[in-house]
Amino acid sequence: MQERYDFTAIEKKWQENWENEGIYKVSEDSPKPKYYCLEMFPYPSGNLHMGHVRNYSIGDVIARFKTMHGFNVLHPMGWDSFGLPAENAAIKHGVAPAKWTKENIANMKMQLKALGLSYDWDREVTTCLPDYYKWTQWLFLQFYKNGLAYKKGASVNWCPGCQTVLANEQVVEGKCERCDSVVEKKSLEQWFFKITDYAQRLLDDLDRLEGWPAKVKTMQENWIGRSEGAMLRFKIAENDEHFWVYTTRPDTVFGVTYVVMAPEHPLVEKLIAGTAYESKVREFITKVQKLSEVDRSSSELEKEGLFIGAHAINPANGKEVPILIGNYVIYEYGTGAVMGVPSHDERDFSFARKLGLEIIPVISKDGSMYTAEEMSEAYIDEGKLINSGKFDGMDNEQAKSAIVEELAKSGDGEKKVNFRLRDWLISRQRFWGAPIPIVYCEHCGAVPVPEDQLPVLLPSDIEFKPTGESPLKYMDEFINTTCPICGAPARRESDTMDTFVCSSWYYMRYSDPKNTERPFRKEKADYWLDVDQYIGGVEHAILHLLYSRFFTKVCHDLGLVEVEEPFRNLLTQGMVLKDGSKMSKSKGNTVSPVEIVGKYGADTARLFILFAAPPERDLEWNDQAVEGCYRFLNRVWRIIDIYEAGKAQGGDSFGKAEKDLRRLLHNTIKRVTEDISVRFNFNTAVSAIMELVNGMYQYKENNNNQAVMTEAEEGLLLLLAPFVPHITEELWHEIGHTDSIHKQTWSVVDEKALSVDEVTIVVQINGKVRDRVELAADLAQEEVKAQVLSREKIAAALDGKEPKKVVVIPNKLVNIVL
RNA sequence: GCCGAAGUGGCGGAAUUGGCAGACGCAGCGGACUCAAAAUCCGCCGCCGUCAAAAGCGUGUGGGUUCGAGUCCCACCUUCGGCACCA
């Protein structure tokens, strides 16, 4: 036995041994049931941070735990390696993005290996390598062929910091999710994925995801933003044009007293041209457009509107109402025009009062009439219709469909489901991404690159000029090509794909990572998918997780995989904090995993991060508590040492001490198994193991039964193995085993060992603890009652009074009610 | 405004089905070992009170249900997260 716990030597030794023995390699050819454990793959920024350590430690415990339970576990790792930091580094330091990325990957891979994680590195995927992005491009082409990828001119989000467009999902409170710049609107031709076609399915299938946190599902639900309502057609009084509005309250259509259009609505221009209102309206529009997106969508913004001199005809009653433009109407949502019903909408009410517009109540609680003058606020509750012609007296809920059906007869109305979700903008005006495999030909238009010409390679000898445009645009060798259809000179698309495209299918590629014929073989993907457990930060709740769900559904529809949902169970881990805030370089409160591993070893780092808090909660870093975990591992080291020494002169007498230790051991096995498998409460699992070790120290004071000590040692190491793989492997061999602890089967609880002869019964009087009694287990209730009442302490407390009632909870508690 | 989560010692956190609140760890205090220190081992450690004990109080606040509530119900406060002039 070595004198002290030399973690540096031990960890190095076993990491090399595991790699040489290939103990973490998996294949589909196994009689065992499969289990797919996946952690969100990292961006290779250069160094691991504590968030990574937490993410991968959690995943590693689960993967090892499942392996020990007899599953064929897929536990892969890779690199989400396209993206802006590489390009920014290139611009700043003149290093090629490919080189920078490659070096970072090498460094981070070394750091990951130093943590002793059970990855099958043969399945590593790297999204920026041609063997991967070839298939990202191939998938783009499948989307394109199936009408799910299209190009259109639109007003898009432009980040001046990143010099590229952004998807809606990447704009947070009007700012760029990456660099915090205020996002601008630009009119550009861009590529989109038609995620809106899948909006309903993405929403419906959330119900299937029982293993997802409700929080994440709610966030996706909010983001998809389904609302049920109707489209209503309004004709223009002054000419024969018409327009549609979207409303969720068609039951209030008789109360429409005005309509409001977004300043961008194309009809506005037509209606004001050459009229007396033209200049004032233009002034208004200019004013609105000067506002940033942030200000414009702020609820603080004072609602303003302006009559534009035209009128619309209410399709329900033929009434003419004024048309206004308003600063609060969003052109991108619904139809960009809304009907104003001040009597039954709070915003409309205050808007109408401010501008002196008419208010007509059309719903009351019981169908009785009232006037606008009596109203101090909008009536938004349920009720019966009034002032609504033949619908008077009808329940407003019923009226919603009745009115739409009536209007449908004349083509003026139809039911309509609306979503907040927009199509996914995937073009990026940047270099370091997968090129969009499209060629523009003067004769044939946009032509997809034929599949046998994939990948469209990123050039390597690129010169970076910080111009704000993709350098690809100026590379003649890349841009100039010929049309795949007619052979005429043509130009390549210079935009690349959003990196979220690359990361939307990597979990499928892991099933068949080296395939050169297709993204993956269906049989392999079907064997491994879905992912049984996915682990990552909650910041991906919408972006990555929504896109991946979309990709899986498309791949399913294209016949590439069977599953329709990629991730069966999702664990969203909390952040790692120091001094109360998230570790970040700018705040200077980071702790380097490399340093911690150097100082205490990987096992200590892993143990602390799993012990300090439950996984979903934020974790406060505490240097002293790390020391505590290190001390605990030393304690484990020593108790094994002591037990081994004790066995030399050990005996076989079996008494209370032995029984107690065995009960403790098997209770611990039970608790740890439940804590890991049912609840992922690694913190309580670890504390249970600590209690076992404390019990083992007590036992050795006066006892030395050889068999019991061996059972305790092996039990302890097996329980601890998923958390701290190196020290347990070392000690496992130290106590005489020759094969790896990580190939062992998880301990089974010996139910007989759990049985107890005596139990401590808590005695309460009126719910307050007054005594404790040691009694034989499973005594009859009457017997327990008699024993308890005969106690001196209790008799004294009762003072001769007769109990009103005595509640007996078997083997636990007696409550005497006076 | 709407939706969701949370609130427990000096700190991180336990309490599985309504049944001993504070497991485990950190910090702190005391003891053993040592010439001494470190390391280690043993013990104490919610508040108030007491020589010590007993009693009393105690899981954000106020009510309620129950023999019994951190846990269930009602109302409220605070913090965090998401959505938001979404028609």
Side-chain angles (χ1 to χ4, degrees), chain A residues 4 172-173 213-223 225-227 229 245-249 252 259-260 262 296-303 326-330 332-341 345-348 350-351 418-420 538-539 541-542 577 607-608 611-614 616-629 631-632 634-635 638 670-671 674-675 678-679 681 683-694 697-698 701 760-772 803-818:
Chain A
R4 78 189 170 85
V172 179
E173 286 174 355
K215 179 187 173 182
V216 173
K217 290 195 276 189
T218 308
M219 281 165 74
Q220 293 211 354
E221 208 177 304
N222 286 342
W223 189 260
R226 183 184 197 270
S227 78
V245 302
Y246 174 73
T247 179
T248 53
R249 295 296 305 272
T252 64
V259 295
V260 191
R296 207 181 145 182
S297 60
S298 158
S299 50
E300 313 283 287
L301 182 73
E302 181 74 10
K303 286 180 199 41
N327 60 351
Y328 66 96
V329 179
I330 301 163
E332 285 81 13
Y333 185 78
T335 62
V338 297
M339 61 186 212
V341 187
D345 181 280
E346 278 175 39
R347 284 164 308 156
D348 290 353
S350 55
F351 186 72
N418 210 17
F419 293 96
R420 210 190 67 97
V538 75
E539 66 273 16
I542 293 170
L577 313 177
L607 188 69
F608 166 73
F611 175 59
E616 328 75 52
R617 224 185 286 188
D618 286 349
L619 179 155
E620 175 74 31
W621 186 266
N622 179 341
D623 286 316
Q624 284 167 321
V626 176
E627 287 262 1
C629 288
R631 275 202 295 268
F632 169 70
N634 276 285
R635 247 167 98 74
R638 278 192 304 272
K670 194 173 175 185
R671 285 171 66 188
E674 280 169 12
D675 282 349
V678 182
R679 313 190 298 163
N681 282 2
N683 55 331
T684 49
V686 171
S687 65
I689 299 172
M690 286 173 169
E691 287 179 64
L692 171 62
V693 171
N694 292 343
Y697 269 87
Q698 267 175 35
E701 288 297 323
T760 305
I761 306 275
V762 171
V763 186
Q764 298 181 335
I765 295 177
N766 287 337
K768 297 205 177 219
V769 180
R770 284 291 181 269
D771 199 7
R772 272 164 244 269
K804 222 190 260 172
K805 188 175 171 185
V806 179
V807 181
V808 180
I809 307 296
N811 291 340
K812 255 187 188 154
L813 173 144
V814 175
N815 191 12
I816 302 166
V817 187
L818 292 181

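What you see is a predicted model; the values in this text were computed from it and never measured. Here is how names work: the chains are called A, B, and so on, in the same order as the sequence lines, proteins then strands, and each is numbered from 1.
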Student: So that I can compare with my own list, what are the stems of RNA chain B, taken as at least three consecutive Watson-Crick or G-U pairs with distances under 3.5 Å?
Tutor: B:1-7 with B:77-83, B:10-12 with B:24-26, B:28-32 with B:40-44, B:60-64 with B:72-76
Student: Taking the P atom in each of rA6(B) and rA15(B), what is the distance between them to the nearest angstrom?
Tutor: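 Rounded to whole Å, the distance is 13 Å.
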Student: What interatomic distance, in whole Å, is found between P of rA52(B) and the corresponding atom of rG46(B)?
Tutor: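 So the two P atoms sit 15 Å from each other.
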Student: Do Asn694(A) and Arg635(A) pair up side chain to side chain, a donor and an acceptor below 3.5 Å, judged on atom types alone?
Tutor: yes
Student: Measuring only the P atom in each nucleotide, how far is rG9(B) from rG62(B)? A whole number of Å is fine.
Tutor: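 Each nucleotide's P atom is 15 Å from the other's.
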Student: Rounding to an integer number of angstrom, what distance separates rG25(B) and rU78(B) when you compare their C1' atoms?
Tutor: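 Each nucleotide's C1' atom is 28 Å from the other's.
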Student: For RNA chain B, whose closest nucleotide is more 5', that of Asp675(A) or that of Ala688(A)?
Tutor: Asp675(A)
Student: Does a side-chain N or O from Arg420(A) land closer than 4.0 Å to OP1 or OP2 of rC85(B), or not?
Tutor: no
Student: Return yes if a side-chain donor-acceptor contact under 3.5 Å exists between Asp675(A) and Thr684(A), otherwise no.
Tutor: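 On atom types as modelled, these side chains qualify, holding a pair under 3.5 Å.
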Student: Restricting to nitrogen or oxygen on both sides, can you table the protein-nucleotides 56-58 of chain B pairs closer than 3.5 Å?
Tutor:
residue	atom	partner	partner atom	Å
rC57(B)	OP2	Lys768(A)	NZ	3.0

Student: With a 3.5 Å cut-off and heavy atoms only, can you find an N or O donor on one side and an acceptor on the other between the side chain of Lys303(A) and the base of rC85(B)?
Tutor: yes
Student: Syn or anti for rG46(B), with syn set at within 90° of 0?
Tutor: anti
Student: Output the rounded distance in Å from CD (Glu691(A)) to P (rG25(B)).
Tutor: 8 Å
Student: Less than 3.5 Å between a donor and an acceptor, one on the side chain of Asn815(A) and one on the base of rC67(B), is that the case here?
Tutor: yes
Student: Given rA39(B), is OP1 or OP2 found less than 4.0 Å from the side-chain N or O atoms of Arg631(A)?
Tutor: no
Student: Could you state the CZ-C1' distance from Phe611(A) to rC11(B), rounded to the nearest angstrom?
Tutor: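 So the CZ-C1' distance, Phe611(A) to rC11(B), works out to 13 Å.
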Student: Would you say rA5(B) has OP1 or OP2 under 4.0 Å from some side-chain N or O of Arg617(A)?
Tutor: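 Checking Arg617(A) against rA5(B): no side-chain N or O falls below 4.0 Å of OP1 or OP2.
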Student: Are any of Lys215(A)'s side-chain N or O atoms less than 4.0 Å away from OP1 or OP2 of rA5(B)?
Tutor: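 So the side chain of Lys215(A) is outside the cut-off, no N or O lying under 4.0 Å from OP1 or OP2 of rA5(B).
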Student: If only side-chain N and O atoms of Asn622(A) are considered, is one of them under 4.0 Å from the OP1 or OP2 phosphate oxygen of rC11(B)?
Tutor: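 No, because none of the side-chain N or O atoms of Asn622(A) sits under 4.0 Å from OP1 or OP2 of rC11(B).
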Student: Indicate whether OP1 or OP2 belonging to rA39(B) is found under 4.0 Å from a side-chain N or O atom of Arg4(A).
Tutor: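 So the side chain of Arg4(A) is outside the cut-off, no N or O lying under 4.0 Å from OP1 or OP2 of rA39(B).
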Student: May I ask you to verify if any side-chain N or O of Ser227(A) is less than 4.0 angstrom from the OP1 or OP2 atom of rA87(B)?
Tutor: yes
Student: Side-chain N or O of Asn694(A) versus OP1/OP2 of rG25(B): is the shortest distance under 4.0 Å?
Tutor: yes
